[in-house]
Amino acid sequence: MSERNEASWNTIISGCVGVGLYAEAFELFRKMLVQNIEPNIFVLSSLISACNKSASMVSQGIQIHGFVAKIGLLSDVFVSTALLHFYGTYGFMSNARRFFEEMPERNVVSWTSLMVGYSNNGDPEEAMKIYSRMRREGISCNQNSFATVISSCGSLEDELLGRQVLAHVVVSGLESNVSVANSLISMFGSFGDVENAKCVFYRMGERDIISWNSIISAYSQNGICEESLRIFQKMRRANVKPNSTTLSSLVSACSSVDNLKWGTGIHGLVVKLGLDSIVCICNTLVTLYSESGRFENSELLFLEMPERDLISWNSMLASYVQNGQCREALELLAELLRMSKIRSHVTFASAMAACSSPETLLEGKTVHALIIRAGFHENLLMGNSLITMYGKCGVMGAAERAFHTMAARDGVTWNALIGGFVENEEPREAMKAFKSMRENGLSANYITLVNILGSCSAPNDLLTYGMPIHASIVHTGFERDDYVKNSLLTMYAKCGDLASSNFIFAGFANKNAVSWNAMIAANAHHGSGEEALKLFVEMHRSGLGFDHFSFSGGLAASSNLAILEEGQQLHNLIIKLGFDSDLHVTNAAMDMYGKCGEMVDVLKILPEPSNRSRLSWNILISGFSRHGFFKEALETFHEMLQVGIKPDHVTFVSLLSACNHGGLIDEGLAYFSSMTSEFGVTPGIEHCVCIIDLLGRSGRLGEAEKFITEMPIPPNDLVWRSLLSACRNHNNLELGKKAAERLLELDPSDDAAYVLLSNVCAINGRWDDVETVRKKMKSNNIRKKPACSWVKVKNKVTSFGMGDRSHAQTEQIYMKLKDLMKMIKQAGYVPDTSFALHDTDEEQKEHNLWNHSEKIALAFGLINSVEGSTIRVFKNLRVCGDCHSVYKHVSEAVRRDIVLRDPYRFHHFSRGKCSCGDYW
DNA sequence: TTAGGGTTAG
């Protein structure tokens, strides 16, 4: 052609676009402009629509927008509709909307493009608003607009709305149109109504590949993986050639039911069909491998993809998040932001999920800013994700602000808010939100209930929160839901109501790992360690594998029983299986070593300060305190504050207890007052008991009594027991009697109360009173809990009672005791007969003292253990003062280290000294 | 018009 006119330019460019030769089309367009030939509206529209095909063409689209504005064609309905569609394709919905609102004239395509934009950018609700506006303005829908509207109903999972639209479709007579019917199949699929999807599919007079894909996807979405594979076979028999969409649906069917075997098979088919470089199939494979635990495969696939689109990046982001690699996820996000202008609400949803701990708050705020800049801030998913993120970062104020600024909310919004309150230990707020959720017309689903049950985790919560929630669960029929049932079981277990959790556990047909773990933990913490270990073994026998929770529970049981060897074996297994990288498990192991007397091992496995959770710090502080390292306990507390971890009520119990046992009276009182003023922790009865103990132990009995009368909480048995014990140590008969009286009012069966009272009387030589107490005990049928000590020698535990003579080595044991007594008397030991309880002569009293079980256990340990090794003795009751003094002398005389554990703490004896500094 | 990526819970 020697002479080219305007029409021929336009024809050739549109032709190139039509067959996908976009680069050529743009090159011709450039030449055309150089030659000053004006493009017509058709060529401009087709070039703009070419920019919808690939994200690499976004900047060209924006340039054409500029060009169109320059030549004054923005008012043309075709051109502006194409631009509206272009901006919608890439998520620039505010631009798309502006075009729409400013159009002097609109056609059905303009309306449809706007709806498609909203629908594809995660805002089907807005799409439906446009649809109602369209109906109000009397514009009739074509097949494309109906298809979009129907798919929006599907995304919204709004069945009622769906059926209304279906009625409109029937009136329009378009229900037999293939595109419309296809959309109906997928809409029913989204509703979980596979029957109706099937019905539409089989009634179709004519089907295309999309019809087949839609029915396959309807099955796969609903977890009916086998059926989608069956339809796939049927499709092949009908000689319909599967396309990439078919294969994508099948791969995702496999990942949704976590069937790696079938998924791998389909991957093979993909390769066989030569579809392995198709972007959307690779995307589904990235997800398949990530969700079935093959993270490496997923990452490799992503790295080797010949071409990537936004969804590839989003899939990889999600995969990193799912695999717990949040740093990598944020780095990937940064790379995406550097490389391309394209991002979607889903990109940011994953980005926010990567910022799920207080350390990532700054990154989270940055993502928030990016969302606002990208114009996604009014999106429902973004609002929901923001609430979740701020909740997980521990800033509920920000979460609430996000909640209040949202234009629309759904059930997820409320669940995220409630979950945030629960996670941040604000049960009152959680309950308040739970209530207003229902007042706002939204009903709770199983996730709401699982969340809200988590707000109830202490015995005191049971009546206030736990039982009313349980009642509402029964009322709404959610009791049958397995997740809810497990949460109920866990709730009762955490509140220490083992009878109720046992009842639920026993009646549970589908016990899973969660149920077993909850029962193991409950028994370890509230019931018995033996029962917990029994369950641990049974769980394994029932064919379930152990996870982080089971190991934490098993370790807690070992701590509870103070069985170091078993705990160590468990810890070895944990290391072998790689569970030691989990912080919860490490915390449980630290606690186990601490409670079994091995502070050295605690420090060996202690994570770096920046990696410690509040629980780790609490365990460390209580460990130091329990072992008499009071200075270290206090230092650890300050280190905890330095790294920015907020102390909680447990931290203060350990801290105050350290001050208490370390005789750090002023420090203890100062921490107690700073607890509320500086850290906002309300003192509980347990803190008050520490202060009473602190004052009483140091002999400030008057102040202790004054504190009791002035404290904001009514005193309980622990308060009076502590005061009584202080009266016994500091010989205050009057106050002691008063304390014992109060104590016995609260708990008449308390054997310790009688024993302590008779102690006070005995010290004062009030043997008549001692007799009265003893008679009272007898008439109330109360017996002193028998003392018992045990010692582990060469892996065998031997226990002894008071004056025990049942052991085969009895002769040797008592000989040894005689030797020891002689040896330490020479070194200055004086028997403290004030610990003897009977009115006998001094010699007899001394004899009784040397019948104490802890002394017998010590003698046995010395006879049978290897020279130089540490002797470990356990006692079920508090160690006696005379025995404490004997242990000190013996440790010096025989040059052996001795560790004595009573129910409260460890005493490390070495070279005549005890770690408690004789102040316990 | 079909597929693939996301939020609450586990």
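Order of the sequence lines sets the chain letters (A, B, ...), proteins ahead of strands, with each chain counted from 1.
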* Residues of residues 240-250 of chain A with any non-hydrogen atom less than 4.0 angstrom from an atom of DNA chain B: list those, numerically ordered, please. =>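 Within this stretch, Thr245(A), Ser248(A), Ser249(A) sit under 4.0 Å of the strand.
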
Atom [atom1] of [X] and atom [atom2] of [N]: how far apart are they, to the nearest Å?
| X | N | atom1 | atom2 | answer |
| --- | --- | --- | --- | --- |
| His345(A) | dG4(B) | NE2 | P | 14 Å |
| Leu449(A) | dG10(B) | CG | C1' | 14 Å |
| Ile371(A) | dT7(B) | CD1 | P | 13 Å |
| Ile418(A) | dT7(B) | CD1 | C1' | 15 Å |
| Met491(A) | dA9(B) | CE | C1' | 17 Å |
| Leu229(A) | dA3(B) | CG | P | 17 Å |
| Ile452(A) | dT8(B) | CD1 | C1' | 13 Å |
| Met204(A) | dT1(B) | CE | P | 15 Å |

Using the ring of each side chain (for Trp, its six-membered ring), is [X] parallel, tilted or perpendicular to [Y], with breaks at 30° and 60°?
| X | Y | answer |
| --- | --- | --- |
| Trp516(A) | Phe505(A) | perpendicular |
| His345(A) | Phe376(A) | tilted |
| Trp414(A) | Phe403(A) | perpendicular |

For a quick check under 3.5 Å, do Thr287(A) and Ser255(A) share a side-chain donor-acceptor pair by atom type?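 Not at all, the side chains of Thr287(A) and Ser255(A) share no donor-acceptor pair under 3.5 Å.
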
Does [X] put a side-chain nitrogen or oxygen below 4.0 Å from OP1 or OP2 of [N]?
| X | N | answer |
| --- | --- | --- |
| Ser350(A) | dG6(B) | no |
| Gln322(A) | dG6(B) | no |
| Ser217(A) | dA3(B) | yes |

Of the listed nucleotides ([options]), which one gets closest to any side-chain atom of [X]?
| X | options | value |
| --- | --- | --- |
| Ser344(A) | dT1(B), dG5(B), dT8(B) | dG5(B) |
| Lys392(A) | dG4(B), dT8(B), dT2(B) | dT8(B) |
| Ala353(A) | dG4(B), dT7(B), dG5(B) | dT7(B) |
| Asp309(A) | dA9(B), dG4(B), dG6(B) | dG4(B) |
| Ile210(A) | dT1(B), dG4(B), dA9(B) | dT1(B) |
| Val450(A) | dG10(B), dT1(B), dT8(B) | dG10(B) |
| Ala318(A) | dA9(B), dT1(B), dG5(B) | dG5(B) |
| Ala349(A) | dG6(B), dT1(B), dA9(B) | dG6(B) |
| Asn314(A) | dA9(B), dT2(B), dG5(B) | dG5(B) |
| Ile311(A) | dT1(B), dG4(B), dT7(B) | dG4(B) |

With heavy atoms under 4.0 Å as the rule, sort Phe348(A) into base, sugar-phosphate or nothing.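 Contact class for Phe348(A): none.
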
Could you give me the CA-CA distance, side-chain angles and deciding distance for Ser228(A) and Ser249(A), then say whether side chain to side chain contact (heavy atoms under 4.5 Å, CB included) is met? CA-CA 9 Å; Ser228(A) 58; Ser249(A) 297; over 6 Å; no

Quick check against the 3.5 Å criterion: does Ser186(A) have a side-chain atom that pairs as donor or acceptor with the backbone of Ser183(A)?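 Yes, Ser186(A) side chain to Ser183(A) backbone: donor-acceptor pair under 3.5 Å.
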
task = Using the closest heavy atom to pick a nucleotide of DNA chain B for each, name whichever of Thr284(A) or Thr112(A) lands nearer the 5' end.
result =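 So the residue in question is Thr112(A).
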
**Asked** Between Phe232(A) and Ile216(A), does a side chain to side chain contact (heavy atoms under 4.5 Å, CB included) hold up when you go through it step by step?
**Response** CA-CA 7 Å; Phe232(A) 175 59; Ile216(A) 288 176; 4.3 Å; yes

Checking side chain to side chain contact (heavy atoms under 4.5 Å, CB included) for the pair Glu175(A)/Val200(A): CA distance, chi angles, key distance, verdict? CA-CA 10 Å; Glu175(A) 87 268 28; Val200(A) 176; over 6 Å; no

Which pairs of donor and acceptor atoms, one on a side chain in residues 299-310 of chain A, lie under 3.5 Å apart (sequence neighbours left out)?
unit_1: Glu299(A); atom_1: OE2; unit_2: Tyr320(A); atom_2: OH; d: 2.6
unit_1: Arg308(A); atom_1: NE; unit_2: Phe302(A); atom_2: O; d: 3.1
unit_1: Arg308(A); atom_1: NH2; unit_2: Phe302(A); atom_2: O; d: 3.1
unit_1: Arg308(A); atom_1: NH2; unit_2: Leu303(A); atom_2: O; d: 3.3
unit_1: Asp309(A); atom_1: OD1; unit_2: Asn283(A); atom_2: ND2; d: 3.2
unit_1: Asp309(A); atom_1: OD1; unit_2: Ile311(A); atom_2: N; d: 3.1
unit_1: Asp309(A); atom_1: OD1; unit_2: Ser312(A); atom_2: N; d: 3.0
unit_1: Asp309(A); atom_1: OD1; unit_2: Ser312(A); atom_2: OG; d: 2.9

**Request:** Tell whether Tyr483(A) reaches the base of dA9(B) with its side chain through a donor-acceptor pair below 3.5 angstrom.
**Result:**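 Flag unset: no donor-acceptor pair detected.
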
